[in-house]
Structures are given as C-alpha cells and as structure tokens.
S.K.: 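Handing you a structure now.
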Amino acid sequence: MITSVDGTTIGCRTTGRGPGVLVIPGPMEGAGDFRELAEALANDFTVHVLDRRGRGESGPHRAGHGLRTEVEDVRAVLDATGAQRLLGVSSGAVIALEATLRLPGITHVVAYEPPIDLAKHKGGVLARFEQEVEAGRHPEAVVTITKGLGLGPLWLRVMLRLAPRWVLVRAVRKMVAEEGKDLLEGLPTVRHDLRIVEEGSANLTRFGALRGHVLLIGGTWSPSYLTGGLYALADLLPHAEKILVDRAHHFSATESPRLLVPALKGFLGA
C-alpha cells in the first residue's frame, strides 16, 4: 500500500526478482488481472502491478482527476519500489508515455496499444456511452462500450458475435439482478479512462521529446483504430521499436500474455 501525493492509497502487487517493472492496467482492469503476465516475467524482473484509482485496493477518484493525477500515482509507486521500467496497457499506455515524459529516471517504457485514435474513429460510441451512464442506464452502457469498443468481460464480448443488442442488455440485467454478478463495478472508471485518453491524445507532438528505450507494441488481431495509433506514434518517435505480435489482440496482456512475453523480455532486458 503506497500513498500518493494527495493522500490517496494506491495498492500494488509485487512478484519476482530482478530489475523493477511497473505495470499500469487499462480500462476495467486491476492488478489481479495481470497475475499470469507477472508470473511469466517474474524469473527476470520484479513486477509491480498497481491498482489504479477506483479499483482493487486503491482509493477512489477525487475531484479534478485527470492525467496528471495518474502520473502522480505512478511517481509514488516508482519512488516506493525503485522501478525504472514501465509497461502500460491501453489507457495505461497513455499514462506510461506521459509519465516517461514528465518523470526522471525511467529507462524503458512499453506502450501496448494506446488508443489515441479512439475519439476520431469512435466518437459516436463514446457519446452514447456517456449519455447512458448519465441517465442511469448502466446495463445499456456496458453493452454499448463492449459492442462499440470491444471492452468488457470476455463472456460478453463472445456473446456479441451470437446475439443482438437487446438480448445482451437483457443478459446483463439478469446477471446483475439474479446472480449478483457485479458487471457494473468498473463502469465509473471507464469514464475516467476515456477522458484520460482524450487528454493524453491532444498535441501528440510532445511525445517527440521522449528519450531512452520506447517500445510500441500491438497485436495483429486488434482493430485498425488501435494499431493505427501505434503507427501515428511511430512517426513521431523514429527511434522507438514497433512490434505487432502475431495472433495477439487488445486483451492479450491479461487473456493470453505468453504471446507477448518474448517481446517484452527482449525489450525490458536490453
């Protein structure tokens, strides 16, 4: 348990031995979701996975929460652990890049599919999601974000291929009401993530000032609006490494992490 600059408690799970790597999760992900990835890296690295605010062992979001707050949380964990390497996933990748820009001492940063083109390609989805959350139509919001962006629990993403929207909404309502499965627990954090991505995607040219080792990584099975962001950043960072991992997708860091491990080990150990 680590205290950030504003007094908020930040939870962090640690395993392994060797140089420290801090993992920054993406939307609706907590430290526990990265257990398999952490264990796969643990023979070579000390892996710290933080619970971002509103998740797991960490405290809640506060007024004025934004990208700066997320960077302050990263700073607190880096100071406490001595880690000098970052691995950010999705919105966590935006935070990792911003932290590397602002904080001294970071030697390596891995950005896994930062969704910097999200608003340009999915603006209608984001607007509908915000409207449904504001109206308290949370099951509908879960389906909107899952169907429109591919976010959400694995079972729901699988159902998208088999059932129309109204069936999915009914399924979410039933599981929440009858089985007590709290699909809505992470929903408030998604709104913060979307705003952080929007903030981090403004004025991308600032990332041209990044120095040190940078790896831009994605999967061949990810949608083009995600891999396109990698190419946009690669144009700004000509010295960065860029890798598309065969058969990997946006959730591979938590659902099939061993696809990514060879590339991560090769880069982080350099």
S.K.: Does K265 have any salt bridge (charged side-chain N to carboxylate O under 4.0 Å, His left out) partners at least two apart in sequence or in another chain, and if so, which?
M.R.: D44
S.K.: Other than M1, which residues form its hydrophobic cluster under the rule that side-chain heavy atoms must be closer than 4.5 Å?
M.R.: none
S.K.: Just jot down the salt bridge (charged side-chain N to carboxylate O under 4.0 Å, His left out) partners of R102, sequence neighbours excluded, or say none.
M.R.: E98
S.K.: Please identify each residue that fulfils salt bridge (charged side-chain N to carboxylate O under 4.0 Å, His left out) with E132, with sequence neighbours left out.
M.R.: R128, R165
S.K.: Quick one: list whatever passes side-chain contact (heavy atoms from CB on, under 4.5 Å) with P60, sequence neighbours left out.
M.R.: none
S.K.: Report the C-alpha distance between R35 and E39 in whole Å, list the side-chain angles of each, state the deciding distance to 0.1 Å, and finish with yes or no for salt bridge (charged side-chain N to carboxylate O under 4.0 Å, His left out).
M.R.: CA-CA 6 Å; R35 179 177 178 178; E39 290 177 349; 3.1 Å; yes
S.K.: Quick one: does L37's side chain get under 4.5 Å of L87's, heavy atoms only?
M.R.: yes
S.K.: Measure the acute angle between the ring planes of H61 and H65, then classify it against the limits of 30° and 60° as parallel, tilted or perpendicular.
M.R.: perpendicular
S.K.: Keeping S91 on the side-chain end and V197 on the backbone end, is there a donor-acceptor pair under 3.5 Å?
M.R.: no
S.K.: What residues, two or more places apart in sequence or in another chain, satisfy side-chain hydrogen bond (donor to acceptor under 3.5 Å, both in side chains) together with S58?
M.R.: none
S.K.: In the hydrophobic cluster built from side-chain contacts under 4.5 Å, what are the other members alongside W166?
M.R.: V167
S.K.: Keeping the roles fixed (side chain from T3, backbone from T9), state whether a donor-acceptor pair exists under 3.5 Å.
M.R.: no
S.K.: Can you find a pair of side-chain heavy atoms, one from V214 and one from F207, that are under 4.5 Å apart?
M.R.: no
S.K.: The criterion is salt bridge (charged side-chain N to carboxylate O under 4.0 Å, His left out); which residues satisfy it with R85, sequence neighbours excluded?
M.R.: none
S.K.: How far does OG of S252 sit from CH2 of W221, to the nearest 0.5 angstrom?
M.R.: 8.5 Å
S.K.: With the threshold set at 4.0 Å, does a side-chain nitrogen-carboxylate oxygen contact exist between D33 and R55?
M.R.: no
S.K.: According to the salt bridge (Lys or Arg N to Asp or Glu O under 4.0 Å) rule, which pairs have a member within residues 210-238, sequence neighbours left out?
M.R.: none
S.K.: Keeping D79 on the side-chain end and A76 on the backbone end, is there a donor-acceptor pair under 3.5 Å?
M.R.: no
S.K.: Just verifying a value: how many Å separate I243 CD1 and T220 OG1, rounded to the nearest 0.5 Å?
M.R.: 13.0 Å
S.K.: Listed by chain and number, what are the side-chain hydrogen bond (donor to acceptor under 3.5 Å, both in side chains) partners of H192, not counting sequence neighbours?
M.R.: none
S.K.: Please determine whether side chain to side chain donor-acceptor pair (under 3.5 Å) holds for the pair T189 and R52, giving the CA-CA distance in whole Å, both sets of side-chain angles, and the decisive distance to 0.1 Å.
M.R.: CA-CA 9 Å; T189 68; R52 290 173 55 201; over 6 Å; no
S.K.: Look at the side chain of T14 and the backbone N and O of H48, then say whether any donor-acceptor pair between them is shorter than 3.5 Å.
M.R.: no
S.K.: Heavy-atom count check: over 12 atoms from other residues, nucleotides or ligands less than 6.0 Å from R170 CZ?
M.R.: no
S.K.: Are more than 12 heavy atoms, taken from residues, nucleotides or ligands other than E199, located less than 6.0 Å from that residue's CD atom?
M.R.: yes
S.K.: Any side-chain heavy-atom pair from E140 and R173 closer than 4.5 angstrom?
M.R.: yes
S.K.: Without swapping roles, check the side chain of E57 against the backbone of D51 for a donor-acceptor pair under 3.5 Å.
M.R.: no
S.K.: I'd like to check the ring pair (Phe, Tyr, Trp, His ring centres under 6.0 Å) partners of F267; sequence neighbours left out, ordered by chain and number.
M.R.: H108
S.K.: Would you please name every residue forming a side-chain hydrogen bond (donor to acceptor under 3.5 Å, both in side chains) with T227, sequence neighbours left out?
M.R.: none
S.K.: Membership question, hydrophobic clusters at under 4.5 Å side-chain separation (ILVMFWY): are L260 and V49 in the same one?
M.R.: yes
S.K.: Is the shortest heavy-atom distance from the side chain of S90 to the side chain of E29 under 4.5 Å?
M.R.: no
S.K.: Can you confirm whether T8 sits close enough to T69 that some side-chain heavy atom of one is under 4.5 Å from a side-chain heavy atom of the other?
M.R.: no
